[in-house]
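All remarks here apply to the structure that follows.
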Amino acid sequence: MDTIQQTIQPQGSHFIDGAHVEDKAGREILCRYAATGEVVATLHSATPAVIEQALASAKRAQAEWAALPPVARGRVLRRVADILRDRNEALSQLETIDTGKPIQETRVADASSGADALEFFGGIAASLTGETMHFGGAGGDFVYTIREPLGLCVGIGAWNYPTQIACWKAAPALACGNAMVFKPSEVTPLCALKLAEIFVEAGAPKGLFNVVNGYGDVGAALVTDARVDKVSLTGSVPTGRKVYAAAAGNIRHVTMELGGKSPLVIFDDADLENAVSAAINANFYSTGQICSNGTRVFVQEAMVKPFTDRLVERTRNARIGDPLDPETTIGPMITDDQRQKVLNYVRIGQQEGAQLLLGGTCPDGPGYWIEPTIFGGVTDGMTIAREEIFGPVLSILSFSDEAEVTARANATEFGLAAGVFTADMKRAHRMVAALEAGTCWINEYNLTPVEAPFGGVKLSGVGRENSRAALEHYSQVKSVYVATGDVEAPF
Ligand code: NDP
């Protein structure tokens with residue numbers, strides 16, 4: 001770990017105007033490797049002076065960036081994507097150390113997913129156009145519209161996907177001509193710093209993508225600053241309420257990517273192995289720390305026993321261990337606090353009568369480990385079926401028919417995602433039409449290609465990330481009326 005520490009400790013806690021910045025007056029942030037609990041880096045929360053520097057430099061850079069031809073902006077973003085791909089191995093190791101997620105995952109889901117976003121938005125930066133509306137035929141008055149950047153955007157990230165979240169926010173924002181100040185979660189402060197370095201290396205103006213690390217108060221200071229035109233948060237619903245309310249003070253744009261309690265519905269005609277694979281991916285990938293996870297697994301009555309038996313059997317094969325070992329499939333939780341929160345839900349599940357079929361305990365030794373946990377016999381009113389746990393806890397609920405399961409799947413305040421497994425495609429399309437969720441999968445789960453919009457309904461959020469839809473959330477339209485004749489007036 002000594003060597004890790006030497007390579008991991010960043011040159012400064014923040015990256016502003018093209019350089020690492022340090023201000024030790026800020027509260028200490030101890031960055032721990034979740035697999036061992038060891039401190040691998042020490043950073044300092046941004047002071048008001050650091051926040052001011054970040055906002056002022058981003059404001060300057062935005063003017064320079066917006067003045068570039070869109071095709072030149074796109075080229076820079078695509079260069080960032082190329083560097084991310086070239087350095088995927090080193091960035092994946094950093095992501096693993098920052099989050100504890102297994103290297104098997106980070107090699108395919110983090111820098112590479114970020115690169116997809118930068119490539120996608122870099123590719124369409126030059127295709128952002130307005131419209132023309134003609135009145136009175138050729139030679140008559142007309143209106144043209146200009147799609148303009150919003151200005152200065154603030155991105156605030158959760159801890160589960162620090163590289164991906166930063167890229168999913170920065171790529172569309174910058175493609176539209178905005179600048180971004182990004183604040184990572186205080187428990188995963190390392191990856192976004194590396195991304196900021198890469199932006200400068202790829203030719204982005206200094207200050208275009210600044211990173212300030214810090215606790216929630218730093219995020220709060222950023223979102224209330226009058227220079228900020230847009231706030232994009234990935235986080236929990238309680239934080240979302242605060243950030244949304246703060247942005248409302250200045251009537252600012254927001255994107256809110258918040259929590260979920262998503263249903264995964266498995267009919268008895270579904271392919272058993274595929275359904276089990278999906279349930280595993282939907283609950284245990286990233287040790288269950290994924291917002292869109294299908295944690296309420298509704299299984300049709302005749303399928304409950306074969307599904308449960310096979311799920312338990314296959315989950316016993318999960319390999320918990322060193323996240324840097326390519327064979328490891330389950331890493332630790334991000335922090336001990338998060339693990340204790342999950343263990344508390346496991347206790348509540350048992351107290352409320354759910355059947356603990358597997359896991360629920362912590363392996364011995366240091367680090368924040370918890371075994372993949374499966375509950376059977378869960379009913380809708382139980383706490384574990386209602387609240388977001390954000391850990392590796394899967395609940396099996398049985399159902400009898402389509403109408404019943406649709407109503408039960410929708411009986412939640414959340415609406416991030418949903419999945420349906422069935423061989424009957426008419427039923428699959430009928431169900432997804434009725435499900436209250438921003439993203440639905442048919443016979444798959446948790447795949448989020450950059451080409452597809454991603455975001456929630458109900459308490460799970462506002463706005464969409466990825467796809468062309470994200471461009472609407474990082475730009476605004478100006479209407480220009482052009483008169484071609486004389487001006488009429490009543491007197
Ligand atoms: P939190 O809501 O605790 O924190 C999110 C971010 O907001 C952190 O950077 C946090 O800083 C910051 N923050 C906290 N308070 C404020 C404030 N008052 N003003 C501005 N910023 C603030 O989320 P977690 O990090 O615990 O992440 C887990 C949550 O994120 C889950 O609910 C999960 O579902 C959701 N999520 C949603 C996704 C989506 O796309 N819909 C994807 C991934 C996760 P600090 O950490 O320093 O307190």
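Counting convention: from 1, in listed order, for ligands and their atoms alike. Here the structure is a predicted model, which is why all the values come from computation and not from measurement. What's counted below: heavy atoms across the whole structure, side chains too, no hydrogens, waters or symmetry copies.
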**Prompt:** So among K101, R85, K194, which one has a salt bridge (Lys or Arg N to Asp or Glu O under 4.0 Å) with D110?
**Reply:** K101

**Item:** Side-chain heavy-atom pair L84, C167 within 4.5 angstrom cut-off
**Value:** yes

**Asked** When you look for protein heavy atoms under 4.0 Å from ligand 1, which residues do they belong to?
**Response** I156, G157, A158, W159, N160, K183, P184, S185, E186, G214, Y215, G216, G219, A220, L233, T234, G235, S236, T239, K242, V243, E257, L258, G259, C291, E388, F390, L416, F454

**Request:** Starting from the C-alpha separation in whole Å, work towards a yes-or-no answer on side chain to side chain contact (heavy atoms under 4.5 Å, CB included) for S13 and E22.
**Result:** CA-CA 5 Å; S13 298; E22 188 56 277; 2.9 Å; yes

**Any donor-acceptor N/O pair, K183 side chain to G214 backbone, under 3.5 Å** = yes

**Between F390 and W159, ring centroids under 6.0 Å** = yes

**Face-on cation placement of R27 at Y215 ring, 6.0 Å and 45° thresholds** = yes

